[in-house]
Amino acid sequence: MTAFWTEPDFDDHEMVHFVRDRTSGLTAIIAVHSSHLGPGAGGTRFWHYPNPKDGLRDALRLSRGMSYKNAMAGLPIGGGKAVILADGARTKTPELLAAFGDAVEGLGGRYVTAEDVGMTEADMVDLSKRTEHVSGLPVSGENAAGGDPGPFTSYGIYLGIKAAVKHQLRTDSMEGVHVAVQGTGSVGGGVARLLAKDGARLTLADIHANGVKALAQELGAEVADPDAVLMTSCDVLSPNALGAIFDEDSIASLKTQIIAGGANNQLARTQHGKVLFDHGILYAPDYVINAGGIISVATEYLARRDGQSSTVNDVNALIEQIPERLVQIWQSSEASGTSPDVVADRMAQELIGRA
Ligand code: NAD
């Protein structure tokens, strides 16, 4: 048997904590990749994995991803992630959440949790009864930081799209710039609304036909078939649905100059960043442009931990630094002939002391 820590996904994690509570039926993995910059922070995923090894792989990959994302967002936090291995029926009980909250508390702040797939704001409230090390809680006052991270993620992506348009198309105006948005849920819907205010021409696609039709009507946008949206002839393609959408085949049929959207892990494999670069398409590394949500969650947590208050304005001021970071990546990419995703990874590795 090969040692677990020699697996490529392990990537020198500082801690991988396995939790088993027979009474509540909890089985969970809490992974902290790096605490070089602060406590390992990242959401908890509640998911059924027919093969538990896939749950471990998810925890490790997502935890490393959070190290990179948090470092590039300039946050004083490290990277972590938890996975609760749900049963086939995804049974979530108060006892199971309580046991998980106790496990997080037992780590004494080395790991800080928040929402991820399968976990809601109400679940965070339940966890907060057992541990202080939780964020993404309902907002407690007017203009206070916190709550649903979606709108903050949308704001950062909107600013990133404007920076990309300025960099690639040499214009400050979004008037008439054609943006195709894949996925019009919490993040993509918010991006579309912000762009519509600036007069961008929008093409929207979502597998929820009724929802996307209503949004398109509201914003005066066109609707594209979800299977065809990646091939839309446009200035900017903004993926806000699924990961692993860019591979050799899909890249060959792209008709855009820019890719800038919030979906996590958009490149099917690392080498596809170079394929985009070779096609002359400007790519905004996903974990840099979609950091608005974690900026909100982290600001909320750090202020509460330190007995201070923080406002939406504090959060927005940090999100407004995303465009500068992207421009720095693109300039370095062009100067070195290296694709932006690789430049971003190297910058993140330097920041977390793993270069
Ligand atoms: P969401 O569930 O609110 O929206 C996703 C939308 O994508 C849904 O409307 C869904 O119908 C649609 N969709 C799914 N498959 C599709 C397909 N094949 N074609 C077109 N549309 C499709 O989720 P969200 O919170 O908006 O997150 C969107 C993406 O952004 C995810 O990849 C998520 O991991 C990432 N992300 C979200 C946040 C956040 O703050 N919510 C932060 C960082 C990254």
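All ligand and atom numbering here is 1-based and tracks the order in the structure. Everything quoted here is computed from the prediction, not taken from an experiment.
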Expected rows: ligand 1 N/O, protein N/O, dist below 3.5 Å:
from: ligand 1; atom 1: 3 (O); to: Ser186; atom 2: N; distance (Å): 2.9
from: ligand 1; atom 1: 9 (O); to: Asp206; atom 2: OD1; distance (Å): 3.3
from: ligand 1; atom 1: 9 (O); to: Asp206; atom 2: OD2; distance (Å): 2.7
from: ligand 1; atom 1: 11 (O); to: Asp206; atom 2: OD1; distance (Å): 2.6
from: ligand 1; atom 1: 11 (O); to: His208; atom 2: ND1; distance (Å): 3.3
from: ligand 1; atom 1: 26 (O); to: Ser186; atom 2: N; distance (Å): 3.3
from: ligand 1; atom 1: 26 (O); to: Val187; atom 2: N; distance (Å): 2.8
from: ligand 1; atom 1: 30 (O); to: Gly262; atom 2: O; distance (Å): 3.4
from: ligand 1; atom 1: 32 (O); to: Ala241; atom 2: O; distance (Å): 2.9
from: ligand 1; atom 1: 32 (O); to: Asn264; atom 2: N; distance (Å): 3.4
from: ligand 1; atom 1: 34 (O); to: Asn264; atom 2: ND2; distance (Å): 3.0
from: ligand 1; atom 1: 40 (O); to: Thr153; atom 2: OG1; distance (Å): 2.7

Smallest separation among heavy atoms of Gly160 and Trp330, with atom names: O-CH2, 4.1 Å
Over 12 foreign heavy atoms within 6.0 Å of NE2, His48: yes
Arg269, CZ atom: more than 12 neighbouring heavy atoms under 6.0 Å: no
NZ (Lys255) with more than 12 external heavy atoms under 6.0 Å: yes
Single-linkage hydrophobic cluster Ile161~Phe246, side-chain heavy atoms < 4.5 angstrom: no
Given Arg45, Lys92, Lys129, the one that forms salt bridge (charged side-chain N to carboxylate O under 4.0 Å, His left out) with Asp123: Lys92
